[in-house]
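Presented below is the structure to which this report refers.
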Amino acid sequence: MELLDMDVDPVRLESSLWVGKKRYRAALTGWHLNWTELDKKNRDKKTVSVPVSEVIGVEEGRVQVLPQRSVAEDTDREFTVFYVKRSSSGSPYGLLWRLGRTQFCCPSRDLRDQWMTQLRIALKTHSPSRPHRLLVFINPFGGKKQGRQIYHSLVAPLFELAGISSHVVVTERANQARDHILKKDLTGFDGVVCVGGDGIFSELLHGVIGRTQQEAGLSAHDPSVTLQSCDLHIGIIPAGSTDCVCFATVGVNDPVTSALHIIIGDSQPLDVCSVHHRSSLVRYSVSLVGYGFYGDVLAESERHRWMGPLRYDYSGAMVYLSNRSYAGVIQYLPADSQLSSPRDNTRCLSGCSVCSKGTERLFPHSPGASSLYSSHFSQFSSDTEGEWVSVEGRFRAVSLTCMSSSCPRSPLGLSPSAHLADGTGDLIIVRDTHPLGFLTFLHRHTSTQDQFDLPFVDVHRVKAVRFSLPTGEEEDRDEERERVNDGGMTEEGKRPSRSGSHKHLVERGEERGQKDFLCGLCCSKAPAVSVWNCDGEILPHTEISCK
Ligand SMILES: Nc1ncnc2c1ncn2[C@@H]1O[C@H](COP(=O)(O)OP(=O)(O)OP(=O)(O)O)[C@@H](O)[C@H]1O
Ligand SMILES: CCCCCCCCCCCCC/C=C/[C@@H](O)[C@H](CO)NC(=O)CCCCC
Ligand SMILES: [Ca+2]
């Protein structure tokens, strides 16, 4: 075999190699690995080009990793390169990623060793943001209860191939992951990963934000304090019922795609909304803070957890049939309408220019701002606070979403043009309407039809929202005693907020002459108040401020 050219520059190597029975000219430059098929007359045929930043690993011999690891007899002259391969399927906003694999055969063992060495050097040099050590939390009860299997069969082999060492914690109770991040020594970890749905993601989010504020000596309860941005990245392996945060950031909910994004060190900053009740932090949200329909669906679905992900469809139908609307006062602080609008028909993707500008406005002096994975959007220090707008009435649904909140059920999401990291949220107000109108609104979430183009729906891009009950129906001051002072989460071992808030709801329902709030579904008299759904958790308060 003819050796075309060989260069020992640490970032360059070129030689003739074989893939199966075909001869190729392979070249490693600093940034790319290319291989071009050659015909019998040494003319170029097609070229495959893989950025070094997307090479997952290099192994001696002919190796296979998924579905099972296997090594064919090592002939001393072979090596296998694994890389990100974009599949043609996926959603319009994100493609499925698969593990590409090419087995090369060299003319000599010496050359094989050179390829191995150079590829590994190139990987180290050109992938500085890759994680080396990860702390992984698996919720064994999320979604279809497949978290453990998904991690061990699809994700762990990829991490191993990429040289990532992981410490795995299979959770035994709700809030364990959050508490671990808040309290344990995390030295040496480059990131935290959850295997589960939006609920376990939320635990990691609360852990990471809480820990960062603790270390900075800041009180998250003070709504006027500018919180510290978080350096620890969060990775999500989707294995839940909705997987909204994963779907809205990656474009698909696929464990292998997410594992590959984590391995190559991809990151996406996210807006985080803080929810306060009076002067107390209740929770953070990245997806939905929703009252009315989405609150009722969540409350109802908690009683049918045994149904798995189907519980939302069943509860959605039940709540729709109960035909409820609620009185309230919504106040919002509009965002700058010249920068973007929820109806401008744009789609936010990684590298979005609106978000880059938003990050610059929010963190003007932070050079690392654009690489943050989760960042609490700070005070409106660089904006002059505008005028609050007030809307009073009866509403079917009041939803605030910081991102599109797209998910497999609604591929474009609650607000298709919302931005992931622009420091704003979209407030969707669905006023009381006839049942068919509301059904049309809901149905449009499942198609590409504009759900805002309805006479009883308004959408505003906002920086902050307050919700209160109409005069004379305000939330009981006594409830302040029930305040959750721990990021909205209750005692150890119990489900966060959900269990506590159910009690709260029942008590409140009784105060208002109802035996059981949830029984409102089948009672003739509808309840006067709904509950807030905050990224899939029920909030223990009705009157809240979101920022
Ligand atoms: N070992 C555990 N036992 C009970 N609950 C747990 C455990 N680990 C985590 N949790 C809690 O389970 C809840 C749901 O978890 P998760 O989000 O993973 O699944 P899901 O509800 O099916 O998915 P989604 O949130 O996407 O609808 C979260 O609130 C989380 O705090
Ligand atoms: C006639 C057809 C009607 C079909 C209606 C479909 C409407 C789908 C809209 C989907 C919106 C998802 C919003 C995401 C919320 C998540 O932060 C949260 C946590 O996972 N999920 C839920 O609360 C789970 C709540 C799920 C509500 C359906
Ligand atoms: Ca946003």
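Only heavy atoms go into these numbers, but all of them, side chains included; no hydrogens, no water, no symmetry mates. First listed ligand is number 1; within each ligand, the first listed atom is number 1.
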When distances are taken from atom 21 (N) of ligand 2, the protein heavy atom at minimum range is Thr242 OG1, 3.8 Å

When distances are taken from atom 14 (C) of ligand 2, the protein heavy atom at minimum range is Cys244 SG, 3.8 Å

message: Check contact between Glu537 and ligand 1, using heavy atoms of the residue and a distance below 4.0 angstrom.
response: yes

- Take the angle between the ring planes of His304 and Trp306 and call it parallel below 30°, perpendicular above 60°, tilted in between. perpendicular

Counting heavy atoms under 4.0 Å, the part of Arg311 that contacts ligand 1 is side chain

Which of Pro255, Cys194, Ser258 passes side-chain contact (heavy atoms from CB on, under 4.5 Å) with Ile236? It is Cys194

Exercise for the section: Measure up the Tyr151 and Phe159 rings against each other and bin them: parallel (under 30°), tilted (30 to 60°), perpendicular (over 60°). Expected result: perpendicular

When distances are taken from atom 24 (C) of ligand 2, the protein heavy atom at minimum range is Tyr312 CE2, 3.4 Å

Are more than 12 heavy atoms, taken from residues, nucleotides or ligands other than His443, located less than 6.0 Å from that residue's NE2 atom?
no

Taking both backbone and side-chain atoms of Ser287, is any N or O found less than 3.5 Å from an N or O belonging to ligand 2?
-> yes

Item to complete: Measure up the Phe189 and His167 rings against each other and bin them: parallel (under 30°), tilted (30 to 60°), perpendicular (over 60°).
Response: tilted

Do Tyr291 and Phe395 have their ring centres less than 6.0 Å from each other? no

Counting both backbone and side chain atoms, is some N or O of His445 under 3.5 Å from an N or O of ligand 2? no

In terms of its nearest heavy atom to atom 26 (O) of ligand 1, the top option of Thr242, Val195, Asn139 is Thr242

shortest atom 20 (O) of ligand 2-to-protein heavy-atom contact is with Asp198 OD2, 2.5 Å

Practice task
Answer yes or no for Tyr312: is there a heavy-atom contact with ligand 1 below 4.0 Å?
Solution key: yes

Ligand 1 atoms nearer than 4.0 angstrom to some heavy atom of Asp243 are 26 (O)

Q) Would you call Arg431 and Asp458 a salt bridge, using N to O less than 4.0 angstrom? A) yes

The option among Asn533, Thr446, Leu298 carrying the non-hydrogen atom nearest to atom 23 (O) of ligand 2 is Asn533

Q.
Do the side chains of Arg98 and Asp254 get close enough for a salt bridge, i.e. N-O under 4.0 angstrom?
A. yes

_Check contact between Glu302 and ligand 1, using heavy atoms of the residue and a distance below 4.0 angstrom._
no

- Could you tell me whether Gly199 and ligand 1 have an N or O pair separated by under 3.5 Å? yes

request  = For the pair His541 and His277, name the ring-plane relationship: parallel under 30°, tilted 30 to 60°, perpendicular over 60°.
outcome  = parallel

Between Thr424 atom O and Asp422 atom OD1, the angle centred on the Ca ion (ligand 3) rounds (to 10°) to 90°

Is the CZ atom of Arg148 crowded by more than 12 outside heavy atoms at less than 6.0 Å? no

Row for the Ca ion (ligand 3): angle OD2 (Asp271) to O (His419), 10° precision, value 110°

min-distance protein heavy atom vs atom 13 (C) of ligand 2 -> Leu414 CD1, 3.8 Å

Of Leu439, Leu442, Thr440, the residue with the heavy atom nearest atom 1 (C) of ligand 2 is Leu439

shortest atom 8 (C) of ligand 2-to-protein heavy-atom contact is with Ser410 CB, 4.1 Å

> With a 4.0 Å cut-off on heavy atoms, is Gly536 touching ligand 1?
Replying inline: no

Under 4.0 Å between a Lys/Arg side-chain N and an Asp/Glu carboxylate O for Asp179 and Arg173? yes

Please determine whether any non-hydrogen atom of Lys145 lies less than 4.0 Å from an atom of ligand 1. no

Residue, atom and distance of the protein heavy atom nearest atom 12 (C) of ligand 2 read Cys407 SG, 4.0 Å

One finds that the ligand 2 atoms under 4.0 Å from a non-hydrogen atom of Gly536 are 18 (C), 19 (C), 23 (O)

among protein heavy atoms, the one nearest atom 9 (C) of ligand 2 is Tyr294 OH, 3.7 Å

For Gly142 and ligand 1, does the shortest N/O to N/O distance drop below 3.5 Å?
no

Looking only at N/O atoms, are Ser241 and ligand 1 under 3.5 Å apart anywhere?
yes

